Protein chains: 2
Amino acid sequence: MNSDFTLAIHSLTYLALQLDRMSTSDAISESAGVHPVRIRKVLSLLKKHGFIKSKEGSGGGFIFARDLSEVNLWDIYKITSEGALQPKCPDSNEACVVGANMQRVLVSIFLGAEEHLGEYLKHYTLKDIVDLIHKEK
Amino acid sequence: MNSDFTLAIHSLTYLALQLDRMSTSDAISESAGVHPVRIRKVLSLLKKHGFIKSKEGSGGGFIFARDLSEVNLWDIYKITSEGALQPKCPDSNEACVVGANMQRVLVSIFLGAEEHLGEYLKHYTLKDIVDLIHKEK
DNA sequence: TGTACTGTAAGACTAAGTGTTACAGAATGA
DNA sequence: TCATTCTGTAACACTTAGTCTTACAGTACA
């Protein structure tokens, strides 16, 4: 699984705990343990899809743009990792019954699998994540 | 997604169409479009788990060892790709509430996701795959 | 005009996946 | 017994995707 997905969740969760002020990519990247540029790339994607807003310049940064309970993990999955389940099959032999039809069969199964995964991920909103973060182990 | 999974399915399907005789790794690799050694590595795993039997030497090869309808995709997933859904999070900052708890939260969510995926994959037996292969597009 | 940010491109580095060669061991048949 | 045809596996080269890092332009603010 793409780590963009988890970085996106991490970032949004971070912002969810700072709803009243802007957070810089440096602060988030420090929390997530990755390079600021990488975080900015992920944040840029989140912004493009309207989950967050950003402001350049001194005192700028990123801030949540939606309601916590209206953003779920499936939304985030779709923009960061859609198709990640799909296995990359090498081009198999068209002259063989198996080779010629396997890809078609697998693609349809994995599309179903992703859809199925979606149903599961939809149940987790960012609000749930925030609650889980606060709940002690 | 790991392509070992699809190669395993491909191999088993191939064998499922040749239930009465042995198939060589060369034949299967040609159908799947990958190197024989790679196929043998996957087949070796399938053998270790009792899905197939093999025989060395001239006239040898691989042959199915189970009933077609008692092997499902979840069985195969488990031995080839278990944990593939689990995203690799970099070690995040323990000093931050988010960083310190994110990994735990994500791991539990993804474990649930994999379990959920399992329920879906369990519905596909090798017999189903063989039927799908034969069904024209 | 200097400082503190975002936004992005480009290249270096790293790890995982895959292909390839090589060779030992087992079964078979001449 | 010996050549042949297969599995089984290790080792290494190659390729690709992922990630880190540097660099710098653009924007806001004081």
Side-chain angles (χ1 to χ4, degrees), chain A residues 1-8 10-11 14-15 18 21-30 32-49 51-65 80-93, chain B residues 1-8 10-11 14-15 18 21-30 32-65 80-92:
Chain A
M1 174 75 59
N2 199 327
S3 75
D4 279 8
F5 184 38
T6 60
L7 287 178
H10 195 119
S11 303
Y14 188 100
L15 295 180
Q18 315 273 331
R21 56 183 148 165
M22 299 225 137
S23 307
T24 68
S25 59
D26 269 37
I28 303 174
S29 75
E30 196 178 343
V34 298
H35 200 275
V37 171
R38 194 140 134 59
I39 283 290
R40 270 183 254 158
K41 222 174 281 179
V42 173
L43 290 170
S44 158
L45 195 66
L46 290 171
K47 182 190 172 186
K48 204 175 101 189
H49 287 88
F51 294 107
I52 60 178
K53 285 182 285 194
S54 73
K55 198 175 144 197
E56 302 186 7
S58 180
F62 300 86
I63 197 164
F64 218 93
T80 58
S81 312
E82 185 145 54
L85 235 54
Q86 211 65 222
K88 38 182 184 281
C89 340
D91 291 335
S92 45
N93 192 342
Chain B
M1 172 75 59
N2 198 328
S3 74
D4 279 9
F5 185 38
T6 60
L7 287 177
H10 195 120
S11 303
Y14 188 99
L15 296 179
Q18 315 274 331
R21 56 182 146 164
M22 298 226 137
S23 306
T24 68
S25 59
D26 268 37
I28 304 173
S29 75
E30 197 178 343
V34 298
H35 200 275
V37 171
R38 194 141 138 56
I39 282 292
R40 271 183 253 156
K41 222 174 280 179
V42 173
L43 290 170
S44 157
L45 195 66
L46 289 172
K47 182 189 172 187
K48 205 175 99 189
H49 288 86
F51 294 106
I52 60 178
K53 284 182 285 195
S54 74
K55 197 175 146 197
E56 302 186 7
S58 179
F62 300 85
I63 197 163
F64 218 93
T80 58
S81 311
E82 184 146 53
L85 235 54
Q86 210 66 224
K88 38 183 182 282
C89 343
D91 292 335
S92 45

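Atom set for the values below is all heavy atoms of this structure, side chains included, hydrogens, waters and symmetry mates excluded. In this text the structure is predicted, and so the values were computed from the model without any measurement. Each chain gets a letter, A, B and so on, in the order the sequences are listed, and its residues count up from 1.
Within 6.0 Å of CD on B:Glu30 lie no more than 12 heavy atoms contributed by other residues, nucleotides or ligands.
Along DNA chain C, the nucleotide nearest B:Val34 and the nucleotide nearest A:Gly57 are compared for position; the residue whose nucleotide lies closer to the 5' end is A:Gly57. With the nearest nucleotide of DNA chain D identified for both B:Asp26 and A:Gly59, B:Asp26 has the one nearer the 5' end. Residue A:Ser3 is the one, among A:Val37 and A:Ser3, whose nearest nucleotide of DNA chain D lies closer to the 5' end (criterion: closest heavy atom).
To the nearest angstrom, C1' of C:dG7 lies 15 Å from CG of A:Leu46. In this structure, A:Lys48 places its NZ atom 13 Å from P of C:dG7, rounding to the nearest Å. When rounded to the nearest whole Å, the span between CG of A:Leu45 and P of C:dG7 equals 12 Å. The distance between atom CE of B:Met22 and atom P of C:dA27, rounded to the nearest whole Å, is 12 Å. B:Ile39 has its CD1 atom 16 Å from the P atom of D:dT9, to the nearest Å. B:His35 has its NE2 atom 8 Å from the P atom of C:dG19, to the nearest Å. Between the CZ atom of B:Arg40 and the P atom of C:dA26 there is a distance of 16 Å, given to the nearest Å. Atom CD in B:Glu56 sits about 13 Å away from atom P in D:dC6, given to the nearest Å.
Contact annotation: B:Ser44 does not reach the phosphate of D:dT7 (side-chain N/O to OP1 or OP2, under 4.0 Å). Contact check, B:Lys55 against C:dT28: a side-chain N or O comes under 4.0 Å of OP1 or OP2. Remark: B:Lys47 is in phosphate contact with D:dG8, judged by side-chain N or O atoms under 4.0 Å from OP1 or OP2. A:Ser54 has a side-chain polar atom (N or O) that falls below the 4.0 Å cut-off from OP1 or OP2 of C:dG7. Note on B:Ser58: every side-chain N or O is 4.0 Å or more away from OP1 and OP2 of D:dT4.
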>> Let's go through B:Leu85 and A:Leu85 carefully: what are the C-alpha distance in whole Å and the side-chain angles of both, what is the deciding distance for side-chain contact (heavy atoms from CB on, under 4.5 Å) to 0.1 Å, and is it a yes or a no?
In response: CA-CA 8 Å; B:Leu85 235 54; A:Leu85 235 54; 3.4 Å; yes
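Residues A:Asp4 and A:Arg38 are in side-chain contact: their nearest non-hydrogen atoms beyond the backbone lie under 4.5 Å apart. Within the 4.5 Å cutoff, the side chain of A:Ile28 has heavy atoms near those of the A:Leu15 side chain.
Here the side chain of A:His49 pairs no donor or acceptor atom with the backbone of A:Phe51 at under 3.5 angstrom.
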